[in-house]
Amino acid sequence: MVGIDIDLAVFATEGCIQAAERFDDCGYLPLPGLLTTSGLQRLRADVAGLAPLTQRRDFVMECMGGTPRNMTTLGGEVITQRAPGVSNLYQSTELMGALGTLLGKQIVVADDPVERHVLNILHKAGDTHGYHVDDYPIALVMFIDSPTCPEGCGRLEFCPATDDGRGPEGHPPYTRSHEAGDAYVLRSDRLNHRVQPIHDGCLRTVLNFAYGFAGEEIDRTPSASILYS
Ligand SMILES: O=C(O)CCC(=O)C(=O)O
Ligand SMILES: [Fe+2]
């Protein structure tokens with residue numbers, strides 16, 4: 001049940017409502033403490049159960065400006081089969097309703113079963129999810145693990161996407177840190193975003209829930225099937 005996994009009150013805090021009002025302009029909405037203690041525990045158990053099914057990826061994504069992917073991933077179809085609790089959370093009317101209300105627009109589940117919810121694990125020194133844009137406009141990213149090393153690593157960086165190579169050139173990126181149990185929402189089809197490389201001994205695990213806007217078409221790239229199939 002969503003109320004057990006997700007603290008819906010986070011959506012009603014003043015900071016959250018103010019950030020949502022700026023979402024159209026800035027495209028980033030922090031949701032600190034979105035996962036309850038029991039929700040984090042449950043998702044951690046789900047992720048542990050999924051771990052043997054994950055795949056190591058080390059390549060450059062040609063269709064995203066040749067940016068690196070050094071990470072371990074699992075796509076949505078396997079997650080649906082092997083961790084139905086994650087899928088149930090993804091499509092729960094409480095979560096989607098709260099998010100849609102906050103953003104002032106009805107959100108819909110992603111029609112691509114691979115991309116709708118994915119698991120991204122950075123666990124080796126230098127692991128990074130390089131700059132890209134997503135196909136779907138809304139990414140709700142929830143942190144199962146986040147590095148706590150004093151130098152800081154594995155932070156989210158984002159900046160406006162350019163028309164050409166989708167590279168960060170010309171735009172100094174914004175950088176945001178998150179802790180386990182936190183989440184954020186990103187306008188992920190418009191903002192060029194990446195995860196900074198992590199340091200040795202650090203671990204960063206996220207679930208990314210992708211949503212569309214009702215009645216809006218998606219501009220598809222092959223990137224999700226390359227990274228998650
Ligand atoms: O791990 C993150 O914070 C970003 C995830 C992401 O960009 C993606 O899964 O497309
Ligand atoms: Fe992304």
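Of the possible polar contacts, none joining the D25 side chain to the R22 backbone as a donor-acceptor pair under 3.5 Å is found. The backbone N or O of L227 lies less than 3.5 Å from a partner atom in the side chain of T73, making a donor-acceptor pair. Using modelled atom types, one side-chain atom of R116 and one backbone atom of A110 make a donor-acceptor pair closer than 3.5 Å. Under the 3.5 Å distance criterion, the side-chain polar atoms of D127 are matched with a main-chain donor or acceptor of H123. Side-chain atoms of D7 do not come within 3.5 Å of backbone N or O of L35 as any donor-acceptor pair. A distance-only check finds no donor-acceptor pair linking the side chain of T128 to the backbone of N70 [under 3.5 Å]. Side-chain atoms of Y211 come within 3.5 Å of backbone N or O of Y90 as a donor-acceptor pair. Side chain of D135 to backbone of R220: no donor-acceptor contact under 3.5 angstrom is found. Judged purely by atom type and a 3.5 angstrom limit, S146 has no side-chain atom pairing as donor or acceptor with the backbone of R204. Although no hydrogens or angles enter the test, the distance criterion places no donor-acceptor pair under 3.5 Å between the side chain of R57 and the main chain of T72.
Side-chain contact check for P137 versus I218: some heavy-atom pair is nearer than 4.5 Å. Using a 4.5 Å cut-off on side-chain heavy atoms (C-beta onward), L207 and I144 make contact. Residues P160 and N192 are not in side-chain contact: their nearest non-hydrogen atoms beyond the backbone lie 4.5 Å or more apart. Residues F23 and R187 meet the side-chain proximity criterion, which asks for heavy atoms closer than 4.5 Å.
When the side chain to side chain contact (heavy atoms under 4.5 Å, CB included) test is applied to T148, no partner is found at least two apart in sequence or on another chain.
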(request) Test side-chain contact (heavy atoms from CB on, under 4.5 Å) on V114 and S225 and set out the steps. (result) CA-CA 7 Å; V114 171; S225 68; 5.6 Å; no
(request) Show your reasoning for whether side-chain contact (heavy atoms from CB on, under 4.5 Å) applies to V118 and F209. (result) CA-CA 7 Å; V118 297; F209 287 3; over 6 Å; no
(request) Test L119 against V47 for side-chain contact (heavy atoms from CB on, under 4.5 Å), laying out the working first. (result) CA-CA 8 Å; L119 174 63; V47 167; 3.9 Å; yes
(message) Apply salt bridge (Lys or Arg N to Asp or Glu O under 4.0 Å) to residues R56 and D58 and explain how you reach the verdict.
(response) CA-CA 7 Å; R56 183 68 200 169; D58 292 283; 2.9 Å; yes
(message) For a salt bridge (Lys or Arg N to Asp or Glu O under 4.0 Å) check, start with the C-alpha distance between K105 and E216, then their side-chain angles and the critical distance, and finish with the verdict.
(response) CA-CA 11 Å; K105 245 174 146 180; E216 291 187 17; 2.9 Å; yes
(request) Before giving the answer on side-chain contact (heavy atoms from CB on, under 4.5 Å), spell out for F213 and I107 the whole-Å C-alpha distance, their side-chain angles and the decisive distance to 0.1 Å. (result) CA-CA 5 Å; F213 287 126; I107 62 165; 4.0 Å; yes
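Between H193 and S188, the shortest heavy-atom distance links the atoms CE1-O, 3.4 Å. The two atoms that bring F11 and L99 nearest to each other are CE2-CD1, 3.8 Å, heavy atoms only. Scanning all heavy atoms of the two residues, the minimum distance from V133 to R190 falls at CG1-C, 4.5 Å. What you find for C153 and P197 is that their closest heavy atoms are CB-O, 3.5 Å. When every heavy atom of P147 is checked against every heavy atom of I198, the shortest pair comes out as CG-CG2, 4.3 Å. The minimum heavy-atom distance between N208 and A139, with the atom names listed, is OD1-CB, 3.4 Å.
Using a 3.5 Å distance cut-off with no hydrogens or angles, the side chains of T175 and R155 do not pair a donor with an acceptor. Defined by atom type and a distance below 3.5 Å, a donor-acceptor pair is present between the side-chain atoms of S87 and H117. Defined by atom type and a distance below 3.5 Å, a donor-acceptor pair is present between the side-chain atoms of Y136 and D111. Between T67 and R69, the side chains place a donor N or O and an acceptor N or O closer than 3.5 Å (distance only, hydrogens not considered).
A continuous path of hydrophobic side-chain contacts links M96 to L29 [ILVMFWY only; heavy atoms under 4.5 Å]. Linking ILVMFWY residues whenever their side-chain heavy atoms come closer than 4.5 Å, directly or via other members, places L31 and L103 in the same cluster. The hydrophobic cluster containing L89 also contains V109, counting ILVMFWY residues as joined when their side-chain heavy atoms lie under 4.5 angstrom apart, directly or transitively. Under the 4.5 Å side-chain heavy-atom criterion for grouping Ile, Leu, Val, Met, Phe, Trp and Tyr, V206 is not connected to L34 through any hydrophobic cluster. Y228 and V60 are members of different hydrophobic clusters when ILVMFWY side chains are connected at heavy-atom separations under 4.5 Å.
Across T36, D5, T37, a single residue satisfies side-chain hydrogen bond (donor to acceptor under 3.5 Å, both in side chains) together with R42, and that is D5.
Cation-pi contact between R176 and Y28: present, with separation from the ring centre below 6.0 Å and deviation from the ring axis of at most 45°.
The aromatic rings of H132 and H129 lie parallel to each other, with less than 30° between the two planes, well short of the 60° mark. In this pair, F143 and Y184 present their aromatic rings tilted. The plane angle is within the 30 to 60° band.
Classification of R44 and D46 as a salt-bridged pair fails, no side-chain N sitting under 4.0 Å from a carboxylate O.
Sparse packing is recorded around CD of E217, with 12 or fewer heavy atoms of other residues, nucleotides or ligands lying under 6.0 Å away.
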